[in-house]
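So the structure is just underneath, and the comments pick up after that.
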Amino acid sequence: MKIDFRKEGKYLPHTWSTCVGAGRACEGLRAEWQRQLKEAVKECGFRYIRFHGLFAEDMFPINDELESHSYNWYYIDQLYDALLEIGIRPIVELGFMPPALASGEGTCFWWKGNITPPKDYDQWKDLVYHLTKHLVERYGLDEVKQWYFEVWNEPNLHGFWHGTKSQYFKLYEVSVEAIKAVHKDLKVGGPATSNFVPDERFDTEVEDVSKQMTHKVEDIDSLSWKGVWIQDFLKFCEEKGLPVDFVSTHPYPTDFALDGNKVTAGRSRHVDAVYEDITWLKKQIAASAYPDVEIHLTEWSSSPSSRDYSHDTLAEAAYIVRSNLKCSGMMDSLSYWVFTDIFEERGGGPEPFHGGFGLITMHGIKKSSYYAYKMLHQLGEWELERDENSIVTKDENGKVKALFYHYPKEMNMTIPMVTYGDDTPVDAYMNMGTDQAVQLVLEHTKKNAVFCLEVVDDASSPFTVWRKMGKPKNLTREMEKTLKSLEHRKLFFYADDEGKVEISFIMKPWEIAFLSEQ
């Protein structure tokens, strides 16, 4: 690639920095969680955060000790105060159901969030109204107008909603009415459904397991995939005259979301599945009564499993960079699930590396995936050129910022899941592919400028080093220090008196690298 640095670039939206996920609200009250988030916001530029459990029992939103219950926002206030002090805003996920309002006892996760519909929709509406009113009173209308309110999480799955599609639509209806009653400019959206499917399992009121197709075919990419409830949701809102400020869904590139029925095969789709899913979604929205709504993909990763060793590997970093660059500008957010392994859907993480979703381990060790987001954030605002494995940008100070990745051609699918308990299958794809020569010529940069290339490789992968340590289940302080102090390889290049510089290096499979003008 040869680039004249004087050329005009096109604006590059940093959608990868819009939002990141976290486990549940109560975890956000912990000091280490907040410390890790503060560092991630500083280095990766995340602007919003979304998590479950705002109305969970351990956040105590309802005081029912007296004869008539009242609302208690103390714990929510403590959490939101901390987020704003850190410099990040919430996407307010409304859920799950406070037991005092619940119609049943069904729960999800180790921490037992209630997932039943409200026994009285007016009570839920009152809860949402008073929370929203309180947030505006505490933080000011101008601030809360910049937040997003998302109704529930993955209601198409029985594991998250012991109700029907119509009951969820009713929940959205009363929720949006409650929020807009506080102020019409507050932003509300949904349906927050799970990953795309190639069959009719979700076409009726509840999931019909008999309609599932993915376990019946050898090649799941031969099927036509579609989003869940999207058209029905938009049609319902149109017929009811309800506002929709954003559409949300979760494009995990796998044949399952939660497999309580043990029907799917746990397979990954092709590497550009998320791009195809977003393309489908944009078409449906463009054809709806809400063609200009924002698109927030409020959960996404290489798999929806919190026990998938692939999350810990260098390959995850290459997948993150490839997918975000491929989809840049197509949506308003593609929110990685999640920023930290302080995450307790199945209880506490059993080992330092257990395939947790996080960019950072429980101990505060930054995985290779963390640096994918750090480097994406460091890209400039103006895109000059890109090819299949790189992008070259110019920042606001007129300096070069370029990002390279090597997702091997031999891997035409999303990196496959490697289930916790046996990490040896990781080696099969980590040893895949061949080295790639990178050559970039930049002309008319600053005379005699110095350029640093930082390479995230397997030698600096904490997961790889931990495995070489013998995979200790509990770390000594010295081990933890070693894993936190791993350094990336750095190369330096120099422009000549005319501002010309030739960048030439070799990338091994799965590596990512960032070039910056010093």
Side-chain angles (χ1 to χ4, degrees), residues 1 16 195-199 213-227 250-257 264-282 297 300-305 308-328 330-331 334 336-337 355 368-369 372 376 386-391 403-419 423-438 456-458 461 463-464 506-513:
M1 188 188 303
W16 40 76
N195 46 312
F196 285 44
V197 296
D199 47 49
M213 290 292 297
T214 57
H215 64 297
K216 299 178 181 179
V217 299
E218 183 175 341
D219 179 11
I220 59 175
D221 291 319
S222 66
L223 303 172
S224 297
W225 294 72
K226 61 182 180 180
H250 303 159
Y252 290 104
T254 56
D255 73 342
F256 75 101
T264 58
R267 290 184 289 176
S268 301
R269 295 166 60 195
H270 69 92
V271 66
D272 290 327
V274 65
Y275 175 84
E276 291 188 359
D277 290 349
I278 298 172
T279 300
W280 180 94
L281 181 62
K282 288 175 69 69
L297 306 173
W300 169 78
S301 180
S302 59
S303 83
S305 171
D308 174 7
Y309 282 122
S310 292
H311 298 316
D312 297 335
T313 68
L314 175 65
E316 185 81 1
Y319 176 71
I320 288 169
V321 171
R322 188 188 195 284
S323 297
N324 273 284
L325 291 179
K326 178 80 173 178
C327 301
S328 62
M330 297 179 68
M331 66 284 162
L334 180 60
Y336 192 78
W337 188 254
S368 300
S369 55
L376 283 164
R386 71 165 77 191
D387 63 17
E388 188 178 359
N389 301 108
S390 64
I391 184 170
L403 181 55
F404 308 87
Y405 64 93
H406 184 2
Y407 198 99
K409 289 182 170 60
E410 293 83 354
M411 176 62 79
N412 59 7
M413 62 185 290
T414 301
I415 50 175
M417 283 183 54
V418 178
T419 304
D423 63 355
T424 55
V426 164
D427 298 323
Y429 65 77
M430 286 303 298
N431 293 325
M432 183 178 289
T434 57
D435 292 357
Q436 176 177 282
V438 178
V456 181
D457 56 17
D458 205 38
S461 163
F463 178 63
T464 297
I506 301 296
M507 293 191 79
K508 293 185 178 300
W510 306 114
E511 291 181 350
I512 63 173

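Side chains of L325 and W16 form a contact here, defined as non-hydrogen atoms less than 4.5 Å apart. Annotation: side chain of E316 is not in contact with side chain of S368 (no heavy-atom distance under 4.5 Å). Using a 4.5 Å cut-off on side-chain heavy atoms (C-beta onward), W510 and M411 make contact. Using a 4.5 Å heavy-atom cutoff, the side chains of N412 and V271 are not in contact. No side-chain heavy atom of R267 sits less than 4.5 Å from a side-chain heavy atom of M417. For the pair W337/W300, no side-chain contact is recorded, criterion being any heavy-atom separation below 4.5 Å from C-beta on. Residues L281 and M330 fail the side-chain proximity criterion, which asks for heavy atoms closer than 4.5 Å. You'll find the side chain of P408 reaches within 4.5 Å of the side chain of H406, heavy atoms only.
Taking CZ from F463 and CG from D312, the interatomic distance works out to 5.5 Å, rounded to the nearest 0.5 Å. Within the model, atoms CD of Q436 and NZ of K508 stand 12.5 Å from one another, a figure rounded to the nearest 0.5 Å. For the atom pair OG1 (T313) and CG (D423), the distance works out to 11.0 Å, reported to the nearest 0.5 Å. Annotation: the span from Y309 atom OH to S303 atom OG amounts to 13.5 Å, rounded to 0.5 Å. Taking CD1 of I278 as the reference point, atom CH2 of W280 lies at 12.5 Å (rounded to 0.5 Å). For the atom pair NE2 (H250) and OG (S301), the distance works out to 12.5 Å, reported to the nearest 0.5 Å.
Between the side chain of N389 and the backbone N or O of F404, no donor-acceptor pair lies under 3.5 Å. No side-chain donor-acceptor contact under 3.5 Å links S323 to the backbone of I320. In this structure a side-chain-to-backbone donor-acceptor pair under 3.5 Å is present from D387 to S390.
The only option from D277, T254, D255 that meets the side-chain hydrogen bond (donor to acceptor under 3.5 Å, both in side chains) definition with R269 turns out to be D277.
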ask   = Could you go step by step and tell me if I415 and S268 meet the side chain to side chain contact (heavy atoms under 4.5 Å, CB included) rule?
value = CA-CA 7 Å; I415 50 175; S268 301; over 6 Å; no

request  = Evaluate the salt bridge (charged side-chain N to carboxylate O under 4.0 Å, His left out) criterion for residues K409 and E388: first the C-alpha distance (whole Å), next the side-chain angles of each, then the deciding distance (0.1 Å), finally the verdict.
outcome  = CA-CA 11 Å; K409 289 182 170 60; E388 188 178 359; 3.8 Å; yes

request  = Show your reasoning for whether side chain to side chain contact (heavy atoms under 4.5 Å, CB included) applies to D199 and L223.
outcome  = CA-CA 8 Å; D199 47 49; L223 303 172; over 6 Å; no

task = Start with the C-alpha gap between S369 and Y319, add the side-chain angles, then the distance that decides, and say whether side-chain hydrogen bond (donor to acceptor under 3.5 Å, both in side chains) holds.
result = CA-CA 9 Å; S369 55; Y319 176 71; over 6 Å; no

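Taking both residues in full, the closest heavy atoms of P509 and D435 are given as CD-OD1, 3.8 Å, listed atom of the first, atom of the second, then distance. Taking each heavy atom of G266 and F256 in turn, the nearest pair found is CA-CD2, 3.8 Å. Contact detail for L314 and D457: the closest heavy-atom pair is CD2-C, 3.7 Å. Closest heavy-atom contact between L376 and L403: CD2-CD2, 3.7 Å. Heavy atoms only, all atoms of each residue included: S302 and T414 are closest at O-CG2, 3.8 Å.
For NZ of K226, the number of neighbouring non-hydrogen atoms (other residues, nucleotides, ligands) closer than 6.0 Å is greater than 12.
Using modelled atom types and a 3.5 Å distance limit, the side chains of T424 and D427 yield no donor-acceptor pair.
In this structure, R322 forms a cation-pi arrangement with Y407, its terminal cationic atom sitting closer than 6.0 Å to the ring centre and no more than 45° off the ring axis.
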